[in-house]
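Here the structure is laid out as structure tokens; the discussion comes afterwards.
As the structure lists them, so they are numbered: ligands from 1, and atoms in each ligand from 1. Along the sequence shown, the residues carry numbers beginning at 1.
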Amino acid sequence: MANSNPMVWDLDCFFAGGSESPAFSAFIADTERRIAELHQALNDTAERGADEARLTEWFERFQDIQLRLREADGFVGCLTAERVSDRKAVAWTETVQTLYARYRQALDLFDARLAEMPDDRFRAWTASGTAAEWSFVLNERREGTKDKMPPALEAVAGQLAVDGYHGWGEHYGTIMARIGIPWEDDGRKTILSAGQAANKMEHPDSSVRAKIMEEWEKAWSEQADLCADALNRLGGFRLKLYGLRGWNDVLKEPLRINRMSRATLEAMWTAVEDSIDPLRRYLSLKARLIGKQKLDWQDVEAPLPSEQSHIPFAEAAELIQEAFGRFNPRLAALAKRAFDERWIEAEDRPGKRPGGFCTDFPLERVTRIFMTYSGTSGNVSTLAHELGHAYHGEMVFGLPPFNQEYAMNVAETASTFAEALVGDELLKRAKTDTEKLALLDIRLQSAVSFCMNIRARFLFETRFYERRARGMLEAAELNELMTEAQREAFGDALGSWHPHFWASKLHFYLTDVPFYNFPYTFGYLFSTGILAAAEREGEGFRDRYDALLRDTGVMNVEDLAMRHLGVRLDRPDFWRSAVARAVSDVEPFERLSANSIFNKNLQND
Ligand SMILES: [Zn+2]
């Protein structure tokens, strides 16, 4: 029975019937009505001003609607991911985005009232009573309004964005659905979806990887003109909007969204840039281990030869719970619940979106996890990663809705932390040098991913915007820009590059969050620092960890780190120590690989 498959998630418990669900239709209609009523209330009082009691009531209504929109967004996100050809679900995406736009228009009116309020009254209102709990968020909204366009203009921009901005992001989904990669397994001809092909990139046989990479590049090069259109228009829209607001820094918005300063971002990249030498040594050793002079792009995340290359889903579930339990039984209990109650969509089947994510259903205070599980250790890491997100969700579900909204950079803290715990568990269970080497390799792959691959994306995107401000870029130019960024970030350590990466990576086409890259590196390194604290302090750290996660929605990152870790993020020191710890696996990797190469018996250790 499909509906009892432990690798297929349960969505019917939210709204039965998928994209045809009558219950979902009714939910959307009700949400739409609530937004309209609130909008009306804000308009009606526009001339008379607003007192504190009214602002409090409105904000409570916004929080109710916010939960409903997140719920709807989670639901349609799951539907479009599990079956990219579900046109009805794509239509719902558009509906939800329209509702979000109306909600934001109403919120803009509310923000304008906040901005109008005299400082002393605002301070008094948010210093006590119900509003005190929202003070960080209210203050942030008020400050954020001051350098935007007037509310009426922001409202128009928001409406035009549905078709003119988010539409391009959606269009990318249509392009991705066209990707079909011809493949032959044991003489059986098939067409792989983008998701299935991405999983094949982790194949242990380097000739299979080379073949899939060649087909992958070819498939994306055929869609490159369409992708370039989408990327150029998206970027152009963003730059025009920033220009209208009088902003001249493309990083202003992503930094603000991530509640961090430019000094912090620069301190982090400085530390990362200084760290690439050990990672280059690792890449060159890995090349020798698989019999090459230099690794090719598709080899970086390839597994090393090891006996245990396939991990059944049930075993992954057990292993993850064990690893989580060592740190904190609450984390293990959350994972158990996720497996038992079918929160996870993991089945390997055609028609699914590639990649993995975790999304909230805040009304039920649960999450859903999406991925394609084919039994690799990378899949196990992804699973642990998404469960880390789920734990973060659990920590904040009890807070006022707006206080639950943590930014992406700290969102990746819990996920990366969970991934590291599972990495430790895998290493502990390893019996042979070969196995240990393969596991250290997985951890170092993460270091490479966050310190090199993500940095390449950041360099690409930064330069893309510099060029885009002067005009459109053709696909060939984007290829060049991408390759140049990859060479630089990897210190030229690879033998070949992935020019169409800009086309194949969904992240560049996400419209809700610009620069969907540096927050990953932040989260990874921030969590590395937290891991060090957890190891130093043992059980006593559990509660501090939970408290840190709970505060992620109500502090900027500099304050968060100072309060719970006692460190400054706008100086390179913290980042240097985090990076040093992240690359500390290189040394044991060198030792073990020297033995393996010397004995030449890696395969039958
Ligand atoms: Zn994540």
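Side-chain polar atoms of Gln66 and Glu405 form a donor-acceptor pair below 3.5 angstrom. With no hydrogens or angles considered, no side-chain donor-acceptor pair links Thr382 and Asn379 at under 3.5 Å.
With sequence neighbours excluded, no residue forms a side-chain hydrogen bond (donor to acceptor under 3.5 Å, both in side chains) with His171.
Counting only protein N, O or S atoms, 4 lie closer than 2.8 Å to the Zn ion (ligand 1).
Looking at Arg83, its side chain never comes within 3.5 Å of a backbone N or O of Lys352 through a donor-acceptor pair.
Each of Arg457, Glu461, Arg455 was compared with Asn517 under the side-chain hydrogen bond (donor to acceptor under 3.5 Å, both in side chains) criterion, and only Glu461 meets it.
For Lys505 and Phe460, the positive end is not near the middle of the six-membered ring at less than 6.0 Å and at most 45° from its axis.
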